[in-house]
Every structure is written in C-alpha cells, then in structure tokens.
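One is the number of the first residue; the rest follow in order along the sequence.
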Amino acid sequence: MNANRKPRRPDVSTLELVGGAERLVVGLREPDEQWADTFLEHRRRILDALAPVPVGIEHIGSTSVPGLAAKPIVDILVTVDDITAEEDYLDALLAAGYELRVREPGHRLVRTPARDVHVHLFERDDPAVPEYLLFRDHLRSDAVDRALYERTKRSLISRQWDDMNDYADAKTDVIVAIKARARAAREARRADSAQ
C-alpha cells in the first residue's frame with residue numbers, strides 16, 4: 001500500500017482456509033506451452049473483472065518458467081492498493097467465476113473451480129511480491145538452479161501428501177537457497193554495471 005494511505009480496515013489476523021486441507025492429487029507434468037496461453041487468458045479475465053481498479057498481474061510459479069516441469073496449476077500474482085478493501089476486487093473476481101480459497105494476513109487466494117489456476121492477491125508493496133519475481137526470473141535464467149528445483153519437486157511429489165500446503169512447505173529450504181543465489185547474482189550484475 002502507498003505509505004501515505006491507510007488501510008480501510010484492519011486486515012484479518014488468522015488463516016481462513018475455505019474447504020479445509022486438501023490432498024495433493026496432481027503430479028508434475030512436462031513443460032507445456034499452453035500454460036503461457038492460460039495465463040494470458042486469465043490475465044484478460046482478471047483485468048476485465050477488476051476494471052477500472054489499477055492492478056499489477058504477473059505469471060509466477062513453475063508454469064511461468066519455460067523448460068521446468070510443474071504441477072499443471074497456473075499461478076498468477078495480482079497486486080492491489082489495499083488488501084483489506086476486498087470490495088474493490090474480491091466480489092468482482094468471484095463474479096468472474098473464481099472461488100475464494102485462502103484469506104490470511106496480507107494475502108488472498110482465489111482459484112478456478114477446476115483448481116487449475118490460482119490467483120494470489122497481495123498489496124503492491126508487500127515484500128512477498130519481489131520475492132516471487134526474483135525466484136521466477138532466476139529460474140528462467142539459471143539452468144543449474146532450475147534443474148535443482150525440478151529434481152527437488154520430483155523427489156517430493158513421489159510422496160503422499162495429505163495437505164498440499166505440506167508439499168509446498170517441504171520445498172522451503174531449496175527455495176531459500178536458490179533465492180540467496182539469485183540475490184547474489186543480482187548484486188554481482190549491479191556491481192558489474194556500476195563499473
């Protein structure tokens with residue numbers, strides 16, 4: 001949120017997981033060019049639903065990285081001015097056919113009924129936003145870390161997960177290490193360009 005603006009109301013303070021825990025039932029798929037088309041289709045759908053609210057929209061997650069195997073779920077990052085002002089975005093997204101899955105501090109998640117598109121909503125200046133983009137951009141440009149991440153996912157996906165969130169949490173250490181290398185590479189590029 002803009003530093004000069006106050007939220008309309010206090011944000012939620014707990015996690016609301018609509019529908020409760022869900023088993024991970026999809027496996028990894030080989031890279032599919034259709035994922036980029038799906039993103040573009042939903043980008044248009046979101047822009048149409050939220051007009052004239054100013055939003056940022058980015059394709060994130062493994063389906064946004066060419067050459068990376070992924071669960072066939074397209075993750076989309078949408079940034080809004082005020083996450084507490086749900087009347088500016090949530091009703092319109094629900095009317096456009098998305099379903100509310102997560103309401104938690106600083107984050108909302110809506111998805112398609114088929115569960116093949118997840119739309120993550122954050123405030124524009126939320127620290128999570130540049131983290132998602134850093135990770136995505138690094139995987140797009142670094143074949144070694146892209147292969148490491150895919151190996152990690154393949155290893156984990158072979159297990160049974162009663163809660164999809166547990167699978168996501170199990171990748172945390174590898175993601176943290178990759179993001180540390182991404183930051184170091186970014187700083188090295190900045191230092192090189194400053195010379």
Nearest 0.5 Å, what's the CG-NE2 distance between Asp48 and His42? 12.5 Å
With side chains defined as the heavy atoms from C-beta onward, is the minimum distance between Leu93 and Ile46 less than 4.5 Å? yes
State plainly whether one hydrophobic cluster holds both Leu15 and Val18, where clusters connect Ile, Leu, Val, Met, Phe, Trp and Tyr through side-chain heavy atoms under 4.5 angstrom apart. no
Here the pair of heavy atoms bringing Phe122 nearest to Val129 is CB-CG2, 3.9 Å
For the residue pair Arg124 and Asp81, what are the closest heavy atoms and their distance? NE-OD1, 3.0 Å
Please examine the side chains of Ile76 and Arg43, heavy atoms only from C-beta on, and report whether any two atoms are closer than 4.5 Å. no
Applying ring pair (Phe, Tyr, Trp, His ring centres under 6.0 Å) to His138 and not counting sequence neighbours gives none
Applying a strict under-4.5 Å side-chain criterion to I, L, V, M, F, W and Y, I'd like to know whether Leu28 and Tyr149 cluster together. no
Connected via hydrophobic side-chain network under 4.5 Å: Phe39 and Val55: yes
Where is the tightest heavy-atom contact between Pro113 and Gly97, given as atom of each residue plus distance? CD-O, 3.3 Å
Could you walk me through whether Arg115 and Glu99 pass salt bridge (charged side-chain N to carboxylate O under 4.0 Å, His left out), step by step? CA-CA 9 Å; Arg115 301 180 183 177; Glu99 299 174 341; 5.9 Å; no
State, to 0.1 Å, how close Thr84 and Arg8 come at their nearest heavy-atom pair, and which atoms those are. OG1-N, 3.3 Å
Is Arg45 positioned over the aromatic face of Tyr98, cation under 6.0 angstrom from the ring centre and no more than 45 degrees off axis? yes
Whether over 12 other heavy atoms sit under 6.0 Å from Glu187 CD: yes
Would you give the length of the straight line joining atom CG of Leu100 to atom CG of Leu17, rounded to the nearest 0.5 angstrom? 9.5 Å
Does the side chain of Arg140 reach to within under 4.5 Å of the side chain of Arg136, using non-hydrogen atoms? yes
Exercise: do Thr63 and His59 side chains pair donor with acceptor under 3.5 Å: yes
Side-chain touch Leu148/Val174, heavy atoms, less than 4.5 angstrom: yes
To the closest 0.5 Å, what do you measure between OG (Ser155) and NZ (Lys171)? 12.5 Å
Do the side chains of Arg29 and Lys71 get nearer than 4.5 Å, heavy atoms only? no
Evaluate the side-chain proximity of Asp88 to Val80: yes if any heavy-atom separation is below 4.5 Å, no if none is. no
Begin with the C-alpha distance, continue with both residues' side-chain angles, and end with the deciding distance and a verdict on side chain to side chain donor-acceptor pair (under 3.5 Å) for Lys153 and Ser62. CA-CA 10 Å; Lys153 293 193 313 173; Ser62 294; 2.7 Å; yes
Pro130 and Pro127: which non-hydrogen atoms are nearest, and at how many Å? CD-O, 3.3 Å
Are Val119 and Leu133 in one and the same hydrophobic cluster, where Ile, Leu, Val, Met, Phe, Trp and Tyr link if side-chain heavy atoms are under 4.5 Å apart? no
Heavy-atom side-chain proximity of Arg103 to Leu90 below 4.5 angstrom: yes
Tell me, which pairs form a ring pair (Phe, Tyr, Trp, His ring centres under 6.0 Å) where one or both residues lie in residues 170-195, sequence neighbours left out? none
Backbone N/O of Glu104 and side chain of Arg108: donor-acceptor pair under 3.5 Å: yes
Do you know the tightest heavy-atom contact between Asp75 and His120? OD1-NE2, 2.9 Å
